[in-house]
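Notes follow the structure.
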Amino acid sequence: MNDATTRTVSASTLLACVIGDPIRHSLSPTLHNAAFDALGLDWIYLAFEVPAGRGIAAIEGMRALGIRGASITMPHKEDAATACDDVTADASALRSVNSIMLGDDGRLHGDSTDGEGFLRSLREADVDVAGRSVLVVGGGGAARAVGVALARAAAVVAVSARRSEAAAALAALAPGTTVVEWDRRDEAVSAADIVVNTTPLGMLGDTTLAIDPRSIRSGQVVADLVYRPLATPLLAAARAAGAGTVDGLGMLVHQAALAFEQWTGVAPPVGVMRAAAESAMRVESSTP
């Protein structure tokens with residue numbers, strides 16, 4: 001895969017970026033630059049570390065600098081919803097924007113692609129959620145995006161979060177969603193067809209699980225939004241129990257692909273994007 005240092009950059013090259021803090025771990029430049037290279041597009045994608053409280057200023061800078069697209073990650077998603085001239089219905093309801101496009105009219109258009117990105121990752125794994133019971137574990141921004149998307153896709157959604165107010169906020173956004181008390185989540189895991197971990201538990205070096213693995217049963221599907229490592233402790237436990245699994249890299253790739261198409265108007269090479277991310281992660285894991 002070519003990277004940004006090997007391509008020809010000129011005064012006409014279009015710029016996209018990701019802003020967040022921290023950001024140096026981001027796979028987004030790898031994903032997007034691989035896609036630009038594969039399609040021969042004269043674009044380049046960079047990462048900018050923007051501290052909390054400076055998100056709105058950075059986003060406004062898109063207009064001044066002509067930055068055509070931006071991915072927004074923590075802690076700026078809520079500020080992005082405020083900074084945009086207009087946002088989609090999902091982004092407005094979630095008060096969260098993770099993708100911004102600078103239009104030819106100079107206006108900043110914001111969207112939330114996380115929920116649809118998650119659904120596409122499930123479809124890619126041949127998982128149909130319609131009519132199936134789904135337990136969302138966690139109550140943060142990702143949980144809200146996922147819960148709303150699942151409810152819209154006709155899943156029977158339940159949510160369990162450590163903070164009861166966070167679970168209630170998700171349920172308010174996705175009518176028909178049931179709230180499960182945190183100390184009863186393992187019972188709900190056993191009863192669900194699909195379980196989705198939206199908490200950060202299980203990231204590199206963390207062996208903590210959001211649920212008791214003994215509550216997982218054969219025939220279920222367990223999805224984990226954590227993608228470092230790809231084989232999280234939760235997914236390993238699910239496989240051992242005979243459950244199907246969906247890793248978190250699929251959602252990362254598909255939400256990025258949706259943003260890519262919004263910015264460029266070109267269908268993204270999703271397979272290329274995933275392969276680039278996997279290659280980068282292999283390099284990371286082999287680096288002392």
Side-chain angles (χ1 to χ4, degrees), residues 27 31 88 90 94 96 98-99 111-161 170 173-174 176-178 180 185 188-202 210-211 215-232 234-239 241-261 267-275 277-278:
L27 288 173
L31 297 173
T88 61
D90 275 354
L94 294 166
S96 175
N98 75 322
S99 174
D111 195 5
S112 174
T113 64
D114 284 335
E116 178 60 24
F118 177 69
L119 290 182
R120 291 189 180 193
S121 75
L122 293 182
R123 294 186 198 114
E124 187 175 57
D126 294 323
V127 177
D128 183 5
V129 301
R132 304 182 74 185
S133 59
V134 184
L135 176 68
V136 176
V137 181
R144 292 193 296 275
V146 164
V148 168
L150 286 166
R152 183 178 296 124
V156 181
V157 182
V159 57
S160 186
L170 189 160
L173 289 170
T177 297
T178 302
V180 176
R185 66 191 183 282
V189 167
S190 296
D193 296 319
I194 302 168
V195 180
V196 185
N197 174 47
T198 70
T199 78
L201 296 178
I211 60 176
S215 61
I216 302 170
R217 56 180 172 77
S218 177
Q220 288 179 305
V221 174
V222 177
D224 198 339
L225 301 196
V226 173
Y227 59 87
R228 277 192 171 102
L230 274 181
T232 63
L234 176 61
L235 295 185
R239 291 190 189 105
T245 60
V246 179
D247 65 54
L249 188 58
M251 175 176 169
L252 177 73
V253 169
H254 281 287
Q255 63 81 26
L258 285 161
F260 180 98
E261 187 162 10
V270 175
V272 168
M273 297 171 82
R274 173 148 188 143
E278 289 177 341

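For the pair A259 and T113, the tightest heavy-atom approach, listed with the atom from each and the gap, is N-CG2, 4.4 Å. Taking both residues in full, the closest heavy atoms of L119 and A153 are given as CD1-CB, 4.1 Å, listed atom of the first, atom of the second, then distance. In this structure, S112 and N98 approach most closely via the heavy-atom pair CA-OD1, 3.2 Å. The minimum heavy-atom distance between Y227 and L249, with the atom names listed, is CB-N, 3.5 Å. For the residue pair A277 and L31, the shortest heavy atom distance occurs at CB-CD2, 3.5 Å. Scanning all heavy atoms of the two residues, the minimum distance from A210 to V137 falls at CB-CG1, 4.0 Å.
With sequence neighbours excluded, no residue forms a side chain to side chain donor-acceptor pair (under 3.5 Å) with T177. The ring-ring contact (aromatic ring centres under 6.0 Å, His included) test applied to F260 returns F36, not counting sequence neighbours. For E124, the salt bridge (charged side-chain N to carboxylate O under 4.0 Å, His left out) test picks out no residue, with sequence neighbours left out. Residues forming a side chain to side chain donor-acceptor pair (under 3.5 Å) with T178 (at least two apart in sequence, or on another chain): none. By the side chain to side chain donor-acceptor pair (under 3.5 Å) test, R228 is found to be paired with E284, residues two or more places apart in sequence or in another chain being considered. For A151, the side chain to side chain contact (heavy atoms under 4.5 Å, CB included) test picks out V157, A174, with sequence neighbours left out. By the side chain to side chain donor-acceptor pair (under 3.5 Å) test, T245 pairs with R239, sequence neighbours left out. Partners of R217 by salt bridge (charged side-chain N to carboxylate O under 4.0 Å, His left out), not counting sequence neighbours: none found. Applying the salt bridge (charged side-chain N to carboxylate O under 4.0 Å, His left out) test to R152 and every residue at least two apart in sequence or in another chain returns D90. Partners of R185 according to the salt bridge (charged side-chain N to carboxylate O under 4.0 Å, His left out) rule, which considers only residues two or more places apart in sequence or in another chain, do not exist here.
Between the side chain of S190 and the backbone N or O of S215, at least one donor-acceptor pair lies under 3.5 Å. A donor-acceptor pair under 3.5 Å is formed between the side chain of Q220 and the backbone N or O of V189.
Defined by atom type and a distance below 3.5 Å, a donor-acceptor pair is missing between the side-chain atoms of S99 and D111.
Atom CG of L234 sits about 8.5 Å away from atom OG1 of T199, to the nearest 0.5 Å. For the atom pair H254 NE2 and M273 CE, the distance stands at 9.5 Å (nearest 0.5 Å). Atom CD1 of I211 sits about 10.5 Å away from atom OG of S160, to the nearest 0.5 Å.
For the pair I216/V195, no side-chain contact is recorded, criterion being any heavy-atom separation below 4.5 Å from C-beta on. Between N197 and T232 the shortest side-chain heavy-atom distance does not fall below 4.5 Å. Within the 4.5 Å cutoff, the side chain of V221 has heavy atoms near those of the V246 side chain.
The side-chain hydrogen bond (donor to acceptor under 3.5 Å, both in side chains) pairs that include a residue from residues 132-147 are S133-D193, where partners are two or more places apart or lie in different chains. Applying the salt bridge (charged side-chain N to carboxylate O under 4.0 Å, His left out) test to pairs two or more places apart or on separate chains, those with a residue in residues 243-259 are D247-R274.
When V134, D128, L150 are each tested for a side-chain contact (heavy atoms from CB on, under 4.5 Å) with L122, only one passes: L150.
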